[in-house]
Amino acid sequence: MSFSPASIKSKLPRVGTTIFTTMSTLAQEVGAVNLGQGFPDFDCDPRLLDMLNAAARAGHNQYPPMAGVLALRQAVADKVNELYDASYDPVNEITITAGATQAIQTALTAIVHPGDEVIIFEPVYDSYDPVIRMNGGTPIYARLPFPDFRPDFAALRALITPKTRAIIINTPHNPTATLWSRDELNQLALILRDTNIVLISDEVYEHMVFDGVRHQSVTSIPDLAERAFVISSFGKTYHVTGWKIAYCLAARELMVEFRKAHQFIVFTVHTPSQHALANYMALRTHETLPEFYQAKRDYFLAQVAPTKLAWSRAPATYFALASYAHLDAYNQLSDVEFALKLARENGVVCIPLSAFYSNGEDNRVVRFCFAKKEQTLALAVDRLKTL
Ligand code: PMP
Ligand code: GLN
């Protein structure tokens with residue numbers, strides 16, 4: 001008898017290739033401008049590359065400490081303290097991870113047991129649901145109702161059961177580009193106050209908040225911070241998504257459990273990039289990121305205004321939503337059909353919003369990423385005008 005791969009019972013029977021990979025592949029195949037997957041098409045600061053080179057040349061090429069290079073953890077602690085008035089001990093409460101994706105996976109793996117429920121808000125980033133399931137948990141869907149995408153706290157309260165192990169929030173939010181207000185975080189704190197529910201706060205877009213508004217971090221609300229894993233990504237902040245490097249903050253006892261899982265999932269993270277980022281953080285370039293991306297947002301939204309699509313304002317992140325619900329020539333198409341048509345016939349790739357819903361909810365809205373060079377955006381705009 002030979003081995004039968006079909007004998008493997010899939011842990012993720014309904015999961016295919018992610019929408020981001022699918023749409024980036026399509027962009028290449030049809031030669032479309034790729035405003036789908038969220039990554040910059042411009043390079044990072046050359047000084048960061050010099051620091052990476054210097055770190056490797058200085059011999060930082062073996063395993064770093066399991067929790068990450070201490071100088072980088074210290075730089076993160078200093079930044080978080082300055083921005084959010086929060087105190088995290090770099091030795092015991094900060095861990096460097098191989099991207100936010102790994103941090104989310106590790107936090108869930110550390111705490112979710114079979115039968116546990118984890119509440120997530122849809123539209124939702126695509127990695128949360130499968131990781132909950134791989135750990136034997138059940139994702140429970142709260143909604144951020146279209147078109148404002150504000151959390152509904154009465155509905156959230158009704159979803160909490162004795163089985164609720166954790167809640168995941170994401171602010172600023174992918175894909176809707178909205179952010180939670182301080183009042184909303186305080187309402188969440190009230191709901192969680194007398195529970196043992198863990199909070200996982202995905203804040204990878206913390207430095208992309210526009211129009212003078214400030215990101216409200218879970219780290220700045222003690223009642224939330226004490227029960228939270230807070231995650232951010234150097235990849236997003238420093239234009240190096242391919243480096244896959246991020247960090248997780250958590251109170252000491254939570255971090256003990258996180259590290260138990262971390263050491264067997266990845267053990268450590270690429271050493272030279274950690275040294276490079278530790279040095280680079282001293283240049284404080286995250287302070288200019290809002291201005292940098294706000295200029296891109298303003299340019300993009302001004303240029304696309306004359307197109308037939310209806311655009312939302314994008315107060316944060318590097319994503320903007322566009323609706324075609326009012327266009328009779330297109331609104332019979334599902335958002336997936338529309339995105340495919342736009343790629344093949346108009347030469348621009350976007351992401352259909354239904355990909356972020358468990359039930360395929362389709363409001364005839366698609367997501368565009370404006371983390372691109374001006375010439376890329378200009379080309380995309382020319383093509384979008386052909387709609
Ligand atoms: N969370 C959200 C909301 C994201 O949009 C992304 C990726 N773009 C990630 C996590 C993953 O970040 P990383 O690339 O650092 O794994
Ligand atoms: N987070 C990015 C996005 O939303 C892509 C990351 C990925 O491809 N997994 O487009």
Side-chain angles (χ1 to χ4, degrees), residues 15-28 33-41 44 68 72 76 95-108 120-132 144 149 167-180 199-209 215 217-218 229-249 262 265-266 269-270 273-274 277 286 293 314 316-321 339 349-357 365-372:
V15 168
T17 305
T18 80
I19 187 72
F20 308 115
T21 304
T22 304
M23 294 309 281
S24 283
T25 308
L26 178 65
Q28 286 204 325
V33 183
N34 188 0
L35 303 191
Q37 193 177 21
F39 64 91
D41 75 340
C44 65
L72 182 56
V76 169
T95 299
I96 307 302
T97 62
T101 309
Q102 186 235 311
I104 294 160
Q105 188 249 0
T106 302
L108 287 166
I120 55 183
F121 289 85
E122 65 183 344
V124 66
Y125 186 60
D126 67 344
S127 81
Y128 307 165
D129 172 307
V131 176
I132 296 164
L144 297 170
F149 304 112
I167 294 182
I168 308 182
I169 64 169
N170 169 216
T171 179
H173 187 249
N174 177 9
T176 66
T178 53
L179 17 86
W180 284 41
L199 179 63
I200 299 178
S201 185
D202 178 344
E203 302 184 14
V204 301
Y205 300 101
E206 64 175 324
H207 300 300
M208 299 175 202
V209 178
H215 166 60
S217 174
V218 158
F229 293 103
V230 179
I231 293 161
S232 187
S233 174
F234 298 107
K236 302 280 167 198
T237 303
Y238 301 122
H239 315 310
V240 287
T241 59
W243 287 18
K244 293 302 301 184
I245 181 160
Y247 61 84
C248 179
L249 313 167
H262 176 79
I265 288 171
V266 65
V269 176
H270 191 256
S273 0
Q274 293 193 54
L277 286 165
H286 62 271
Y293 273 121
T317 75
Y318 47 40
F319 303 116
L321 299 184
V349 158
C350 60
I351 303 286
L353 223 66
S354 64
F356 298 86
Y357 286 91
V365 174
V366 290
R367 187 198 80 177
F368 292 85
C369 172
F370 56 78
K372 306 293 167 186

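Only heavy atoms go into these numbers, but all of them, side chains included; no hydrogens, no water, no symmetry mates. First listed ligand is number 1; within each ligand, the first listed atom is number 1.
Using 4.0 Å as the threshold, Val204 has a heavy atom nearer than that to some atom of ligand 1. Tyr205 counts as a contact of ligand 1, since one of its heavy atoms falls under 4.0 Å from the ligand.
Within the model, atoms CG of Leu72 and CD1 of Ile96 stand 4.0 Å from one another, a figure rounded to the nearest 0.5 Å.
At the shortest separation from atom 2 (C) of ligand 1 among protein heavy atoms lies Asp202 OD2, 3.3 Å. Protein heavy atom closest to atom 8 (O) of ligand 2, with residue, atom name and distance, is Gln37 NE2, 2.7 Å. Distance from atom 6 (C) of ligand 2 to its nearest protein heavy atom, with residue and atom name: Tyr125 OH, 3.4 Å. Here the heavy atom of the protein found nearest to atom 12 (O) of ligand 1 is Ala100 CB, 3.4 Å. Taking atom 11 (C) of ligand 1 as the reference point, the nearest protein heavy-atom neighbour is Thr101 OG1, 3.3 Å. The protein heavy atom nearest to atom 14 (O) of ligand 1 is Lys244 NZ, 3.1 Å. The closest protein non-hydrogen atom to atom 7 (C) of ligand 1 is Lys236 NZ, 3.0 Å.
Of all atoms in ligand 2, numbered sequentially from 1 with element shown, those under 4.0 Å from a heavy atom of Lys236 are 1 (N). Near Gly99, meaning under 4.0 Å from one of its heavy atoms, ligand 1 places the atoms 15 (O), 16 (O). Less than 4.0 angstrom separates some heavy atom of Asn174 from each of these atoms of ligand 1: 3 (C), 4 (C), 5 (O). Taking every heavy atom of Asn174 and a limit of under 4.0 angstrom, the matching atoms of ligand 2 come to 1 (N), 3 (C), 4 (O). Heavy-atom contacts of Asn170 reach the following atoms of ligand 1: 3 (C) (cutoff under 4.0 Å).
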**OP:** In sequence, state the C-alpha distance, the side-chain angles, and the governing distance for Val124 and Asp129, and then conclude on side chain to side chain contact (heavy atoms under 4.5 Å, CB included).
**Re:** CA-CA 9 Å; Val124 66; Asp129 172 307; 5.7 Å; no

**OP:** Using the side chain to side chain contact (heavy atoms under 4.5 Å, CB included) rule, take Gln105 and Thr97 through it: C-alpha gap first, then chi angles, then the decisive distance, then the call.
**Re:** CA-CA 10 Å; Gln105 188 249 0; Thr97 62; over 6 Å; no

Subject >> Verdict with reasoning, Tyr238 to His207, per ring-ring contact (aromatic ring centres under 6.0 Å, His included) >> reply: CA-CA 10 Å; Tyr238 301 122; His207 300 300; 7.6 Å; no

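Under 4.0 Å from ligand 2, the heavy atoms of Arg367 that appear belong solely to its side chain.
Looking at Gln102 next to ligand 1, no N or O pair under 3.5 Å apart turns up. The N/O atoms of Thr18, backbone and side chain alike, include none that comes under 3.5 Å of an N/O atom in ligand 2. Between Gly38 and ligand 1, no N or O atom pair is found at a separation short of 3.5 Å. Checked by distance only, ligand 2 and Gly38 come closer than 3.5 Å through their nitrogen or oxygen atoms.
A ring-centre distance under 6.0 Å is found for Tyr293 and His239.
Judged by a 6.0 Å distance limit and a 45° cone about the ring axis, Lys236 is not positioned over the six-membered ring of Phe39.
The shortest heavy-atom contact between Phe319 and Gly38 is CE2-CA, 3.8 Å. Here the closest non-hydrogen pair linking Gln274 and Val269 is NE2-O, 2.7 Å. Heavy-atom minimum distance, Ser232 versus Ala246: O-CB, 3.0 Å.
At a threshold of 4.5 Å between non-hydrogen side-chain atoms, the residues Phe121 and Asn170 do not count as touching.
A donor-acceptor pair under 3.5 Å is formed between the side chain of Glu203 and the backbone N or O of Val218.
Ring orientation note: the planes of Tyr125 and Tyr128 are nearly perpendicular, at an angle over 60° on the 30°/60° scale.
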